[in-house]
2 protein chains.
Amino acid sequence: MSAAFSPLPEASTADLVAQRLRDAILDGSLRPGDRLVEHDLAARFQVSRGPVREAIRLLVPDGLVVLRRNRGAIVASPTFDDVLEVYAVRMSLGSLALAQAVYVDAAAHPEFGGVLILLQRLSDPEVQADALLMMEADLLFQDALLATSGLPRITSMLDQSARDVAFFVRMLGITYDSSDHTDLIRRHERVINAVRECDPEAATEAWQAHIRHTVGEFARRYPDADIKGVFSHPLTEQLFDGPIGED
Amino acid sequence: MSAAFSPLPEASTADLVAQRLRDAILDGSLRPGDRLVEHDLAARFQVSRGPVREAIRLLVPDGLVVLRRNRGAIVASPTFDDVLEVYAVRMSLGSLALAQAVYVDAAAHPEFGGVLILLQRLSDPEVQADALLMMEADLLFQDALLATSGLPRITSMLDQSARDVAFFVRMLGITYDSSDHTDLIRRHERVINAVRECDPEAATEAWQAHIRHTVGEFARRYPDADIKGVFSHPLTEQLFDGPIGED
DNA sequence: CTACGAAGGATTGTCAACAATCAACCATGT
DNA sequence: ACATGGTTGATTGTTGACAATCCTTCGTAG
């Protein structure tokens, strides 16, 4: 039973349009606040307004666009508060997933090999050269690891939060350029090893440390001066109850 | 500035249809596995297929219906595993929200009065008489309290999980008939008091105890015999690391 | 009897035209 | 100058019809 016999994606027109729009938003072709006019998009994609309309609505739960009654859709404008909140969710639900992963013996999970492959990808110099590629590979690995928990709902929420992170990072112009890639990998290995050794406390601990580190990196690199105001946000204290940016 | 000047709901046709479908699913008119045929629904609601189609898609992220490509939508069929997972999310994110609520001084929150009113509603004999009404009032109170955290994303996720709970409870035929309503209120008061006294540890502790209790109630009342298999689920141990059904 | 293949009906996917709504603009009066 | 009221162009909301797809049933061959 090879993985070549996958479930056949075969997306609908609306899905295809939604994916195009996603790409356009994420690569900067569409900027926050830009209007999404159904008629214009339909003309561009050479389809009718129906699928375009449906595609736009598909992006709403993803947090990519905001819908205003009778006034069309615009590309969402995330703030740094959103970043903090998403990372808080990620820390919280991720801990849950990892604790569960340990219980179900994730190391014996059929897809655990794939997780290790994704981790190796982070060592690829070609990947490391591109900051965006690196971020995607990183999030992909994290999601794969968390998915070994076998909790479909929580996994999908974590996947969504990863997409949120990717979106925010691009939109806010945050450089996800870790100063030391081997450090990132070391933190990931710490999590994986804890899962392998069936030590839930160590796994969640390592995971939370990783999130704190990542948020700390963001905090240091965030170019906007408003960051001072944002960082008086109480949630920040929860994410930073260790020294900022340290492990 | 009265609350009478609210933001004007004035929902679109699709929203109205979606709400009707939601009600129909939740009150049992539509049962899990039932097909949602666009043409038929359009005829019933006296609208065209467009809004109906849109309404159906609105219910997908809510987890109420499942969409199969080119084969229409059916009402979702949740399992007890889903219940456990949703409660795990609720415990985890709820703790986060409460900790944050304490930091932002929820007791001074402008809407904290509304929370107390919702709590009082649980003492209303008329509400207590109807198990479904009681559950709705209970979840409404919980969400209002958690919303004082001022975290919009996490709050909306918790709202969604509350709707999930309501859906699952009805679908699985779980009786949400607490043997002792004063006990429920006492647990809630414990959470509220901890928030009032700005004690994050006590607040999250009380919250988690409440969730554990609720899951324990479910476990005892769940009529299906498959519960034994489900409760070997590792996640259960996390939700039950106290004595089952006790505080 | 089973496997394969071809109608047929039912249902979703897509489309282009019509109706309703909105923001902007201009005019008018105070 | 400011506020009010009407007009207009642009855009979304809605509709019914057409095309594509799927499931069922029936028929046929092995």
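Values below: every heavy atom of this structure, side chains too, minus hydrogens, waters and symmetry copies. Chain letters run A, B, ... following the sequence lines, proteins first, then strands; residues in each count from 1.
Residues that satisfy the side-chain contact (heavy atoms from CB on, under 4.5 Å) test with B:D40, not counting sequence neighbours, are B:V37. Considering only residues two or more places apart in sequence or on other chains, A:Q120 meets the side-chain contact (heavy atoms from CB on, under 4.5 Å) condition with none of them.
In this structure, B:F45 and B:L21 have side chains that are in contact, with non-hydrogen atoms separated by less than 4.5 Å. Looking at heavy atoms from C-beta onward, B:D27 lies out of side-chain contact with B:L132 at the 4.5 angstrom threshold. The closest side-chain heavy-atom distance from A:L36 to A:V65 is below 4.5 Å. With contacts defined as side-chain heavy-atom distances shorter than 4.5 Å, the pair B:S149/B:V104 does not qualify. Side chains of A:V115 and A:L118 form no contact here, defined as non-hydrogen atoms less than 4.5 Å apart.
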Contact list (N/O, under 3.5 angstrom) for nucleotides 7-10 of chain C vs protein:
none

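Within residues 36-46 of chain A, no residue has any heavy atom under 4.0 Å from DNA chain C. A heavy atom closer than 4.0 Å to some atom of DNA chain C occurs in B:R53, B:R57, these being the qualifying members of residues 51-64 of chain B.
Note on the helix from C:dC1-D:dG30 to C:dT30-D:dA1: terminal axis deviation equals 10°, with five pairs used at each end and the result rounded to 10°.
With hydrogens and angles left out, the side chain of A:R49 and the base of D:dG13 share a donor-acceptor pair within 3.5 Å.
In A:R20, the CZ atom is not crowded: 12 or fewer heavy atoms of neighbouring residues, nucleotides or ligands sit closer than 6.0 Å.
Checking C:dT21, C:dA23, D:dT15 against every side-chain atom of B:S48, the shortest atom distance belongs to D:dT15. Of the listed nucleotides (D:dC22, C:dC22, D:dT14), D:dC22 has the atom at the smallest distance from the side chain of B:N70.
Look at CG on B:D15: it is 14 Å from C1' on D:dT14, rounded to the nearest Å. B:R68 has its CZ atom 12 Å from the C1' atom of C:dT12, to the nearest Å. The separation between A:R69 atom CZ and C:dA20 atom P is 14 Å, rounded to whole Å.
Taking each heavy atom of A:L59 and A:R22 in turn, the nearest pair found is CD2-NH1, 3.6 Å.
Within 4.0 Å (heavy atoms only), B:G50 reaches at least one base atom of the nucleic acid.
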Subject >> Criterion side-chain contact (heavy atoms from CB on, under 4.5 Å) on B:E54 and A:E54, from CA distance to verdict >> reply: CA-CA 7 Å; B:E54 191 170 328; A:E54 193 170 327; over 6 Å; no
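Side-chain contact of A:Q142 with A:D138: a donor-acceptor pair under 3.5 Å is present, judged by distance alone. A side-chain N or O of B:Q160 and one of B:D164 form a donor-acceptor pair less than 3.5 Å apart. In this model, no donor atom of one side chain and acceptor atom of the other lie less than 3.5 Å apart for B:D159 and B:S156.
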